[in-house]
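Numbering starts at 1 and runs along the sequence shown. Atom set for the values below is all heavy atoms of this structure, side chains included, hydrogens, waters and symmetry mates excluded.
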Amino acid sequence: MSMNILITGGAGFIGSHTVLELLKVGHTVICIDNGCNSYLDAKAEFPESIKRVHELTGKKVIFYSVDIRDKNALNQVFKKHKIDCVAHFAALKAVGESCRLPLQYYQNNITGTSVLLEVMSDNGVFNFVYSSSATVYGEPQFLPLTEDHPTGNCTNPYGKSKYFTEEILKDLCASDKRWNVISLRYFNPVGSHESGQIGEDPNGEPNNLMPYISQVAVGKLKVLKVFGNDYPTHDGTGVRDYIHIVDLAEGHLAALDKLKSGDVSGFVVYNLGTGCGYSVLDMVKNFSKSCGHDIPYEIAPRRPGDIASCYASTEKAEKELGWKAKKGLKEMCDDAWRWQKNNPNGFSGLQSDL
Ligand code: NAD
Ligand code: WQD
């Protein structure tokens, strides 16, 4: 059934891939983004990522350059379009930056979400999909992580902003039975659309492993620092549950369908992961196969706040959403490499430092 879906942060990494999948199956997408972490040429009507989604799908979104904290502007969007569901991606997401700028993170991620929820309620829209994170689990007490694992033991303001927002959503659902909220806890999204036309485009030096490896592979960065090789894992390096971005995007389609079917009431959580854990060195080896050459790396001290291992239980999402990740590590690395090779400088295309 076709829906009118509002996507916040739709020009970003996960948002743009989800927009593509939504357009493919015939939904109408209204997309807002303030451009704080996406590339928009001053003269262009659409952010570059969205332009490419248009080329790939032959379909168009309705786009507004709006900040989620701007209540009036948001309200106008809701007045103009009859919205069935909102999928909320817009947030700041850099862990290190959040320790330097906690107020900016709380303002953007928590106040921003509260404003959005208020405007939704004012306009009678109560179906909401939230971009949460495995970071809300903190240091795992057991593995695989099931959705009922305790949350809140986060070590940085970014993680706390995700946890606090989940708590706000729980309170909201308890206060008003009209709300139907699915919180999706993403594990480690990587890769890109198989076309290599859209992908992850971090500002400056990447914080996350996969974009770092990609930039070493393409020659933009010299050497990967492996943060610790003395963890209790199969090779001593940190283990994570990497999930292909297209699988993750499809998880949102399943969540939106479930909301629309009337099958959800109140606050419900699902993990979006594969259930498999790979180490840093597993990722390096597999990426080398995809790009055809070695990735130079050196062992460095542990990164503060890191945990040894983290991977999802996928049972609940399989059973209740009918969704399961399909793509393996080879596709994650092949597709990440295709994007990086085709777009060494991301969406801006500037040939500054190659
Ligand atoms: P991203 O930075 O690529 O995309 C976020 C988009 O939101 C950007 O285009 C940015 O310009 C926009 N934005 C930010 N603040 C805004 C505001 N106030 N108003 C309007 N637009 C705004 O990030 P992403 O990786 O696509 O992440 C999307 C969501 O998923 C975030 O909520 C993030 O916390 C969550 N998440 C991401 C990961 C990950 O590893 N990428 C993991 C778990 C959860
Ligand atoms: C993965 C592994 C590192 C970089 C972070 C956020 C989390 C979520 C996803 C949004 C770890 C190691 C990394 C490098 C390395 N984001 N590593 N050298 O830490 O699992 O999660 O991103 O919600 O909130 O904390 O992902 O990609 O940063 O690290 O050795 O240059 O790679 O130590 O073991 P992480 P990551």
Side-chain angles (χ1 to χ4, degrees), residues 4-16 18-19 29-40 42 44-47 49-50 61-81 83-133 135-136 154 156-173 175-176 179 181-184 186 201-203 252 267:
N4 292 340
I5 300 171
L6 177 75
I7 303 286
T8 74
F13 174 44
I14 305 174
S16 58
T18 305
V19 167
V29 176
I30 299 110
C31 173
I32 64 174
D33 201 297
N34 71 353
C36 72
N37 200 29
S38 39
Y39 184 73
L40 174 63
E45 189 185 348
F46 297 101
S49 57
I50 296 292
V61 306
I62 300 157
F63 179 79
Y64 297 102
S65 178
V66 160
D67 191 301
I68 51 164
R69 293 164 294 180
D70 183 343
K71 195 169 182 181
N72 288 334
L74 264 188
N75 204 33
Q76 280 173 30
V77 174
F78 277 84
K79 292 277 176 268
K80 202 156 171 198
H81 304 279
I83 289 164
D84 296 303
C85 294
V86 175
H88 176 39
F89 297 92
L92 300 176
K93 63 161 183 179
V95 169
E97 185 182 65
S98 79
C99 297
R100 291 194 303 279
L101 304 169
L103 292 181
Q104 236 167 281
Y105 272 68
Y106 290 133
Q107 223 251 347
N108 201 74
N109 296 3
I110 301 180
T111 309
T113 305
S114 305
V115 171
L116 172 65
L117 293 166
E118 260 184 296
V119 174
M120 285 177 66
S121 172
D122 291 348
N123 288 278
V125 181
F126 295 99
N127 291 327
F128 190 70
V129 176
Y130 178 60
S131 293
S132 188
S133 167
T135 196
V136 301
C154 309
N156 59 74
Y158 165 71
K160 287 179 195 169
S161 77
K162 293 276 124 180
Y163 165 69
F164 293 149
T165 303
E166 280 201 358
E167 293 300 300
I168 291 170
L169 290 168
K170 278 184 209 166
D171 290 342
L172 183 65
C173 290
S175 74
D176 183 339
W179 282 99
V181 173
I182 295 183
S183 184
L184 297 174
Y186 312 153
D201 184 16
N203 268 333
H252 292 76
F267 179 80

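Side-chain contact annotation: Glu97 with Tyr105, donor-acceptor N/O pair under 3.5 Å present. For the 3.5 Å distance criterion, the side chains of Asn123 and Lys79 qualify, holding a donor opposite an acceptor.
Heavy atoms only, all atoms of each residue included: Thr135 and Tyr158 are closest at CG2-CE2, 4.3 Å.
Distance CD/Gln107 to OG/Ser114: 10.5 Å, rounded to 0.5 Å. Of the inter-residue distances, the one linking Asn108 atom CG with Asn37 atom CG reads 10.5 Å to the nearest 0.5 angstrom. Between Asn34 atom CG and Ile68 atom CD1 the span is 8.0 Å, to the nearest 0.5 Å. Once rounded to the nearest 0.5 Å, the distance linking CG of Asn4 with NE2 of His81 reads 8.5 Å. Taken to the nearest 0.5 Å, the CZ atom of Phe13 stands 7.0 Å off from the NZ atom of Lys93. Atom CD1 of residue Ile30 and atom CZ of residue Phe63 lie 13.0 Å apart, to the nearest 0.5 angstrom.
Just one of Ser38, Ser65, Ser16 meets the side chain to side chain donor-acceptor pair (under 3.5 Å) condition when paired with Asp33; it is Ser38.
Aromatic ring pairs are classed by plane angle as parallel below 30°, tilted from 30° to 60° and perpendicular above 60°; the pair Trp179 and Phe126 is perpendicular.
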Let's go through Leu117 and Leu169 carefully: what are the C-alpha distance in whole Å and the side-chain angles of both, what is the deciding distance for side chain to side chain contact (heavy atoms under 4.5 Å, CB included) to 0.1 Å, and is it a yes or a no? CA-CA 9 Å; Leu117 293 166; Leu169 290 168; 3.7 Å; yes
